[in-house]
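Side chains are part of it too, since the values below use all heavy atoms of this structure and drop only hydrogens, waters and symmetry mates. Chain letters run A, B, ... following the sequence lines, proteins first, then strands; residues in each count from 1.
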2 protein chains.
Amino acid sequence: MRRKRFASSENAPGGAPVVTMSDVAMHAGVSAQTVSRVVGRPELVAEATRIKVQEAIRALNYIPNEAARNLASKSSRVVAVIIPTLSSSVFAAQVKGIIDLLEPRGISVVIGNSEYSMLREEQIIQTLLERRPLGFILTGLQHSPRATDLLRQSGIPVVETWDTDSRPLDLAAGFSNIAAGHEVGSLLVARGSRNVAFVGGSAKQDARANGRFVGMAQALAEAGLPPAFRVELLLPMSSQDGIRGLDEVLQRAPMTDAIFFSADMLALAALLECNRRGVRVPEQLAICGFGDYDLAALVTPALTTVKIQPDEMGMKAAELLLARLDGAPDRQKSVVLRPQLIRRGSA
Amino acid sequence: MRRKRFASSENAPGGAPVVTMSDVAMHAGVSAQTVSRVVGRPELVAEATRIKVQEAIRALNYIPNEAARNLASKSSRVVAVIIPTLSSSVFAAQVKGIIDLLEPRGISVVIGNSEYSMLREEQIIQTLLERRPLGFILTGLQHSPRATDLLRQSGIPVVETWDTDSRPLDLAAGFSNIAAGHEVGSLLVARGSRNVAFVGGSAKQDARANGRFVGMAQALAEAGLPPAFRVELLLPMSSQDGIRGLDEVLQRAPMTDAIFFSADMLALAALLECNRRGVRVPEQLAICGFGDYDLAALVTPALTTVKIQPDEMGMKAAELLLARLDGAPDRQKSVVLRPQLIRRGSA
DNA sequence: TTGTAGGCGTTATCAT
DNA sequence: ATGATAACGCCTACAA
């Protein structure tokens, strides 16, 4: 004796029948609404009913449909994260921090790579807006005017990361690149460097690296040192660019006795190259990096650098978002992290 | 003179009015269906109409609602990617490869971190199933029975990566860890190493690393060498674990003259530590890594390692998925990449 | 504690 | 080339 098992008559072509809430309801002998409650707010349902429904859910292998849920509730469970690139360990770590905080809350993270391009960022924002994400987590404070408009009009919370040196659109979790650069500059001054160079991403492409340069330049100026020689690299950068930067400094500013690299990957490559060439670090050339990369403490001499903890930055960003979503009046619009200068052997 | 501008009467609390397709239709003087065509398949609409509609879209700042789209079309534009951790540059690179291929096709990538736990993986799969993704891209060939069931029943395409040493669930893009390990073993044999050690993630947690061990052990056996001393590390690993592994080998198997590390991060840390301690590489101790990490070529001696190109693996995985989605009968169920042994100074 | 009614914004299907 | 109608699967609001 057969009877119809599923309310939805049509099934996937070659696949299993599509089980919906009303299938479960029918199976359990309750209304669809009760099934909805069991899935979403089980505490509102009497225990006996709840168990009955849960058994039906298991028996039918019911899997809620997130799209239907989103449409009916006018809200998604997605956060959009846009970073320049996943190739850089600092951004990957930031994303990991975000996921670690959001995943337990049932929120998925979708990632966009802007490749350091404001136009790409704008396009990604436009596309991701269609998903009505709970929030955006962006890198830096600079965006195309249209991107800014889109975000504003959407009314969706935005957290900007990696930079607190100017006014955020909405929320921010980051640090002052200028202050961090200034600390490095002061260290170089204190250790007696006179001719300092800076190697990093181009100012137009990487406003954060530029901030570090500005801060360092300021410290040098305060100490009456000559302005830094600057090498601007095109993004994205590989470790090879560290060596290229080193070469350019050595050739075009041979008096240089200290280099501040905007990222540890560059600094480490340069430091290892110095070892190979017999350039003595820090006696002949002091080297300072940025990021406190995993191997920074292990090279010889160990790399002096700035620790920024991007994973924590990601978590703070996610926290700001969650607080806003929980409807709390913003306790703080902006979390300012404090990078830590770690002095080791190289400078 | 005012008139009602929006079909949807209710607006977001403090935000902009919610613009829907029928608002656009009204504004342009066409039916909603025509707007839908303009958005999705503009070639089906007469040019004059199309332009009129596109103007209305711009004028009203219309943004399609992906949830409604998914519900009506019974299909999403999401691919789910589950990796052990984003902290490891190889997995981050893989994800980047996937995104680079999918983003241009309008497909978003949601990421899950399993933390090397099959249970976590299963939970993530269950959650992400609610989004009805176009496909899953997983790491490795081992999954909990329930995870396997869930995937099978869903009928959703699955690509498994990083391992082709046993039978995949569905599609696969990876390489043979056993073969790669065997190559390393052969190299060590050829260079005259006699007492080889292996340092890597525990076999239970990391089946891929175990495959590399097995392959290497086989090569040693074939050459009549004694079995390798093995150090199994708990995941996740940091570079410090490379030093811990080195120490354990040096203490418990002092005759060791070569170590194969399952990841470059470990090998580099160990190599740098050897430099610091005055252990001569490769004369006293040969070191081989895995992954061809960015800095591998820059240390002294340069690290002998195996290049795997995880970004390409990610792209291949995405391609397999796209081919399947395009309805093509599977031309290949499995893409087997060929890792490349790169011999440098350390072994 | 549970059920009913209605609608969320789009696409599929069939007409015209 | 365009339109009308009916789902899609769930949640909100209200009623019982």
Side-chain angles (χ1 to χ4, degrees), chain A residues 6-13 17-53 56-57 60-77 106 129-132, chain B residues 6-13 17-53 56-57 60-77 106 129-132:
Chain A
F6 299 101
S8 32
S9 51
E10 57 187 336
N11 301 339
V18 174
V19 180
T20 73
M21 224 167 220
S22 22
D23 295 317
V24 176
M26 210 167 291
H27 187 100
V30 299
S31 77
Q33 191 44 231
T34 298
V35 177
S36 173
R37 289 196 186 96
V38 171
V39 171
R41 316 188 53 190
E43 69 278 10
L44 296 184
V45 178
E47 183 170 348
T49 321
R50 195 192 321 144
I51 291 175
K52 216 169 38 182
V53 171
I57 287 176
L60 300 184
N61 287 314
Y62 169 66
I63 297 176
N65 182 320
E66 181 75 10
R69 191 183 264 164
N70 292 348
L71 184 58
S73 70
K74 297 167 180 280
S75 121
S76 74
R77 303 201 212 169
L129 236 19
E130 302 185 354
R131 297 192 186 280
R132 308 287 192 268
Chain B
F6 299 101
S8 33
S9 52
E10 57 187 336
N11 301 340
V18 175
V19 180
T20 73
M21 224 166 219
S22 25
D23 295 318
V24 176
M26 209 168 291
H27 188 100
V30 298
S31 76
Q33 192 45 233
T34 297
V35 177
S36 173
R37 289 196 187 94
V38 170
V39 171
R41 314 187 55 189
E43 70 278 11
L44 296 184
V45 178
E47 183 170 348
T49 323
R50 194 192 321 143
I51 292 175
K52 218 168 38 181
V53 171
I57 288 175
L60 300 184
N61 287 312
Y62 168 66
I63 297 176
N65 183 321
E66 180 76 10
R69 190 183 266 163
N70 292 349
L71 183 59
S73 69
K74 298 167 179 281
S75 122
S76 75
R77 303 201 211 167
L129 235 21
E130 301 185 355
R131 298 191 185 280
R132 307 288 191 269

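- The shortest distance between side-chain heavy atoms of A/Ile63 and B/Arg132 falls below 4.5 Å.
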With a 3.5 Å cut-off and sequence neighbours excluded, list the donor-acceptor pairs that the side chains of residues 39-53 of chain A form with protein atoms.
unit_1, atom_1, unit_2, atom_2, d
A/Arg50, NE, A/Pro42, O, 3.4
A/Arg50, NH2, A/Val45, O, 3.4

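- Taking CZ from A/Arg69 and CG from B/Leu71, the interatomic distance works out to 12.5 Å, rounded to the nearest 0.5 Å.
- Computed from coordinates, the A/Leu60 CG to D/dG9 C1' distance equals 15 Å when rounded to whole Å.
- Rounded to whole Å, atom P of D/dC10 lies 12 Å from atom CE of A/Met26.
- Atom pair B/Met21:CE and D/dA4:C1' shows a separation of 16 Å (rounding to whole Å applied).
- Dashed line: the shortest gap from a side-chain N or O of A/Lys74 to OP1 or OP2 of C/dG7 is not under 4.0 Å.
- What separates CZ of B/Arg69 from P of C/dT10 is a distance of 8 Å, to the nearest Å.
- Comparing B/Ala68 and B/Ser31 by the nucleotide of DNA chain D whose heavy atom lies nearest to each, the residue mapping closer to the 5' end is B/Ser31.
- Of the residues in residues 33-53 of chain B, those placing a heavy atom less than 4.0 Å from an atom of DNA chain C are B/Gln33, B/Ser36, in numerical order.
- Taken from CE in B/Met21 to CG in B/Leu60, the straight-line distance is 12.5 Å, to the nearest 0.5 Å.
- By the salt bridge (Lys or Arg N to Asp or Glu O under 4.0 Å) test, A/Arg77 pairs with A/Glu66, sequence neighbours left out.
- Rounded to whole Å, the distance from CD1 on B/Ile57 to C1' on C/dT10 is 13 Å.
- Distance CG (B/Leu71) to P (C/dA12): 12 Å, rounded to an integer number of Å.
- The separation between B/Asn70 atom CG and C/dG9 atom C1' is 11 Å, rounded to whole Å.
- Distance, A/Arg77 CZ to D/dC11 C1': 12 Å, rounded to whole Å.
- In this structure the side chain of A/Asn65 never reaches within 4.5 angstrom of the side chain of A/Thr20, judged on heavy atoms.
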